[in-house]
Amino acid sequence: MNFPKRTATCGELRLSDEGRVVVLNGWVHSIRDMGGLIFIDLRDRYGITQLVVSPDVNQELSAKVKELKQEFVVWAKGKVRKRENPNPKLPTGLIEVELEEFGILNKADLPPFEISDIVDVSEENRLRYRFLDLRRPSVQRRFIIRNQIYQIIHKYFYENGFIEVETPFLTKSTPEGARDFLVPSRIHKGKFYALPQSPQLYKQILMISGFDRYVQIVKCFRDEDLRSDRQPEFTQIDLEMSFVDREDIINVTEGLFKSLWKEILGIEINTPFPRLSFSEAITRYGSDKPDTRYDLEIVTLTDGLVGTNFRVFDEAIASGKVIAGLNAKYCANYSRKQIDELSELAQKYGGKGLLWMKKIDGEINSPIAKFLNEKAINSIQEKGKIENGDLFLIVADEWEKCYTILGALRKEIAKRTGILEKVNGKYEFLWVVDFPMFEFDKEENRFVAKHHPFTSPLDEDIHLLDVDPLKVRAKAYDVVVNGEEIGGGSIRNFKPEIQEKIFRLLQLSDEDINVKFGFLLEALRYGAPPHGGIAIGLDRLVMTLTDTDNIRDVIAFPKTTSGLALMENCPTFVEEKQLRELGIKIDI
RNA sequence: GGGGUCGUAGCUCAGCAUGGUUAGAGCGCCAGUCUGUCACACUGGAGGUCGCGGGUUCGAGCCCCGUCGGCCCCGCCA
């Protein structure tokens, strides 16, 4: 199809272009027919330009314009002129194009919703008609920023000597950790590839191969349930470096964030980022990804509550549990119902209940006050810095659970009291370090790696591997911004004997080790340099930089929370023939 | 695997607690009027499987059960 190609975009014409004859290509955004004068807003990715037709100039054209409907694709030729009534809301608002000639390149059905940032559309409809949703300027904006982010990343790592290498998508299934998406092999019936949860082992192999500095912006796949910040396929900035320790990875990462924040937001962020040990993050904020934009810290009460004769406390302490609390400032006016809601939240996180104390007019008011002596109450008041008008929440539970519950309450209180709103626009980064190497999995009755099994233990903790694995800390680090875990990495095991020892601690049999990770151990035996790296969640990074808490806003074609793609309708059943070729029988 | 919440016109929603003529609103759409609008305005009009299936009832958009789908969360996410 031959058509006049644009000589300008819909976003660029200004007063200085007055008198120019231009051709625009775009979509009919809206038509305002005043009876005589007709205004047409033409839209493309760059903006909106107003076209104007007046009947006394060209009646024929005026009649033809009435064929246009919204979202028709057109070319339009005309002269740029100064507007009689400028529109300050548009960058092109000082000019308009006096339409001389136009053609319809394609018609359009009436869209199910208006292509406008003003109109509210349910997410379901947005995803079903994603091709229309993605036409909306506010939706496009995030992808334009996402693209800028790609460019900054590529530039930053190129300038720092990193090599981009592509790693396979058809990989080996190693069902430690998340569930794998499996891809059946036709040639080897009954066998499966797995889509990578991360290119972890490939990048370590690249280090052993001497690539020294690797980076990749890469899709990763995890077959787990979705959340507002979790998709089954997502993008990581994956990097690995040789002859480094934790500080080198941290420096490189901080440098990247510095460039991104400066170039995208014009904000100079301070480095180095503060650091918290895992145990400090948990005990102070109740989270391994604390939002440090506000204080509202958790206080540990256990020591001051020994021997209170209050059954709940005594039993907790006797069984090695922890008692801790959170001061919800100025919340003493919370009703029974509001406190019940907080209690329900505590239960959602596995808590048995929530104790509380209010201070009003200098008096402590609490359902547990009658069980506690003055010394205990004073201890709580003092540690919790409880003042008039405060509501103090208390939880007694196992170490991590106790603090996690209070961490959830901390977030909730911040939300309810408007603290969260006040810190909007602030960015607080931090590193969480010294994670425990292992957790005990009650269901599987064995240790599992908290980060992943390729992580190196802290040198000073290596001797504990044989004695008390749960005490072993790892050379792992997470980078957190505003309470979002935005990246995580570690220094890896580069000595085969330590790697093997860790596999054994995870109760992998010799055969498992050999079948699943034999190639890694083999590679490690041929001169592996000390190495480590990090994976940064690109989608979450874009979320932060474009100020949204919905990951679907930054992914062009995302899945719904049940893992469906509503536009193309996927997943689907496949033809019997395809299954036969793969040697697969469906048994639902 | 579990919990919460929503599903009514093309879109966004009200109606449901306490079942009862012909299910409403705004926007959009269609027709008309209008020569400076820009969320144009005004007049008129069309438009409904109340997600789907079953049950209770004389009678169900409303109550009950199931199911499908959206969103949020717990578990899960090395």
Side-chain angles (χ1 to χ4, degrees), chain A residues 29-42 48-57 62 69-70 83-90 92-93 96 109-129 132 174-180 197-198 200-201 220-232 234 341 344-351 404-405 408 411-412 435 437-439 441-444 447-455 474 476 485 488 490 502-503 506 508 516-517 535 537 549-550 552 559-564 566 569:
Chain A
H29 185 68
S30 72
I31 304 165
R32 291 177 300 280
D33 183 347
M34 313 307 293
L37 274 178
I38 302 172
F39 299 98
I40 300 160
D41 283 346
L42 198 66
I48 284 178
T49 297
Q50 174 169 285
L51 313 175
V52 62
V53 191
S54 63
D56 19 277
V57 179
S62 181
K69 302 275 178 197
Q70 51 186 286
R83 283 204 201 188
E84 261 176 55
N85 296 323
N87 182 354
K89 288 182 206 157
L90 289 180
T92 61
E96 63 194 359
D109 285 352
L110 181 70
F113 51 83
E114 257 183 284
I115 312 305
S116 157
D117 289 339
I118 300 158
V119 176
D120 251 352
V121 190
S122 67
E123 204 170 346
E124 194 171 358
N125 275 313
R126 291 179 52 196
L127 293 177
R128 181 157 286 136
Y129 301 97
L132 297 177
T174 52
E176 286 282 302
R179 289 183 193 89
D180 283 327
Q197 298 176 26
S198 99
Q200 182 60 36
L201 294 180
C220 300
F221 306 84
R222 291 177 193 174
D223 188 7
E224 296 294 344
D225 285 357
L226 293 82
R227 286 281 196 288
S228 60
D229 62 350
R230 254 163 44 188
Q231 284 274 305
F234 60 98
E341 284 165 3
E344 272 168 37
L345 181 68
Q347 280 168 31
K348 206 155 86 176
Y349 284 82
T404 305
I405 292 166
K411 263 180 154 169
E412 181 65 20
F435 281 86
M437 185 80 193
F438 305 103
E439 290 174 302
D441 188 319
K442 282 179 192 161
E443 267 173 43
E444 294 194 41
F447 297 118
V448 295
K450 184 150 183 112
H451 184 56
H452 58 52
F454 319 109
T455 302
E485 181 199 327
S490 63
I502 286 164
F503 286 146
L506 297 171
L508 289 171
K516 290 177 181 164
F517 304 115
D549 49 18
N550 181 348
R552 294 177 298 275
K559 306 285 187 281
T560 67
T561 27
S562 70
L564 298 179
L566 296 180
N569 185 25

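Order of the sequence lines fixes the chain letters, A, B, ..., with proteins taken first and strands second; residue numbering starts at 1 for each chain. Since this is a predicted model, take the numbers as computed values, not measurements.
- Atom pair A:L127:CG and B:rG70:C1' shows a separation of 9 Å (rounding to whole Å applied).
- Not counting sequence neighbours, A:Y129 has no partner by the ring pair (Phe, Tyr, Trp, His ring centres under 6.0 Å) test.
- Judged by distance alone, the side chain of A:T92 and the main-chain N or O of A:I48 form a donor-acceptor pair under 3.5 Å.
- Among the protein residues, A:E84 comes within range of the nucleic acid bases, having at least one heavy atom under 4.0 Å from a base atom.
- A salt bridge does not link A:D225 to A:R230: none of the charged nitrogens lies less than 4.0 Å from a carboxylate oxygen.
- Interface remark: the A:R227 side chain does form a donor-acceptor pair with the B:rG75 base, using a distance-only criterion of under 3.5 Å.
- A close approach under 4.0 Å does occur between a side-chain nitrogen or oxygen of A:Q70 and OP1 or OP2 of B:rC29.
- A salt bridge links A:R552 with A:E123: the distance from a Lys NZ or Arg NE/NH1/NH2 to an Asp or Glu carboxylate oxygen falls below 4.0 Å.
- As judged by a 4.0 angstrom heavy-atom cut-off over every strand, A:S116 is placed among residues making no nucleic acid contact.
- Contact annotation for A:R552: backbone-only contact, meaning every heavy-atom pair under 4.0 Å involves sugar-phosphate atoms and none involves a base.
- A parallel orientation is assigned to the rings of A:F503 and A:F517, their planes being inclined by less than 30° (bins at 30° and 60°).
- Between A:D109 atom CG and B:rC29 atom P there is a gap of 14 Å when expressed in whole angstrom units.
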Check: protein-nucleotides 4-11 of chain B nitrogen or oxygen pairs below 3.5 Å:
unit_1, atom_1, unit_2, atom_2, d
B:rG10, O2', A:P112, O, 2.8
B:rC11, O4', A:P112, O, 3.2
B:rC11, O2', A:D120, O, 3.3

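- The interatomic distance linking A:D225 (CG) with B:rC72 (P) rounds to 13 Å, in whole Å.
- Within 4.0 Å (heavy atoms only), A:K559 reaches no atom of the nucleic acid at all.
- Side-chain atoms of A:E224 stay outside donor-acceptor range of the base of B:rG75, with no qualifying N/O pair under 3.5 Å.
- Here the C1' atom of nucleotide B:rC74 and the OH atom of A:Y349 are 7 Å apart, to the nearest Å.
- With a 4.5 Å cut-off on side-chain heavy atoms, A:R83 and A:L90 count as touching.
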Handout entry: Summary of protein contacts for nucleotides 38-47 of chain B, nucleotide by nucleotide, where a base hit scores B, a sugar-phosphate-only hit scores S (4.0 Å, heavy atoms)
Key = BSB-------

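- Atom NZ of A:K411 is separated from atom P of B:rC74 by 8 Å (rounded to the nearest Å).
- Residue A:T560 places no side-chain N or O under 4.0 Å from the OP1 or OP2 atom of B:rG69.
- For the pair A:K348 and B:rG2, the criterion of a side-chain N or O lying under 4.0 Å from OP1 or OP2 is not met.
- The CD-C1' distance, from A:Q347 to B:rG75, rounds to 16 Å in whole Å.
- Other residues, nucleotides and ligands contribute over 12 non-hydrogen atoms within 6.0 Å of the CG atom of A:D441.
- Base pairing analysis places B:rG36 opposite nothing; no Watson-Crick or G-U wobble pair with both distances below 3.5 Å involves it.
- Dashed line: the shortest gap from a side-chain N or O of A:R179 to OP1 or OP2 of B:rG1 is not under 4.0 Å.
- For the pair A:Q197 and A:E224, the minimum side-chain heavy-atom distance is 4.5 Å or more.
- Two residues, A:F454 and A:S54, neighbour RNA chain B, and the one matched to the more 5' nucleotide by heavy-atom proximity is A:S54.
- A donor-acceptor contact under 3.5 angstrom links the side-chain atoms of A:R230 to the base of B:rC76.
- Counting heavy atoms of neighbouring residues, nucleotides and ligands inside a 6.0 Å radius, atom CG of A:D109 does not exceed 12 of them.
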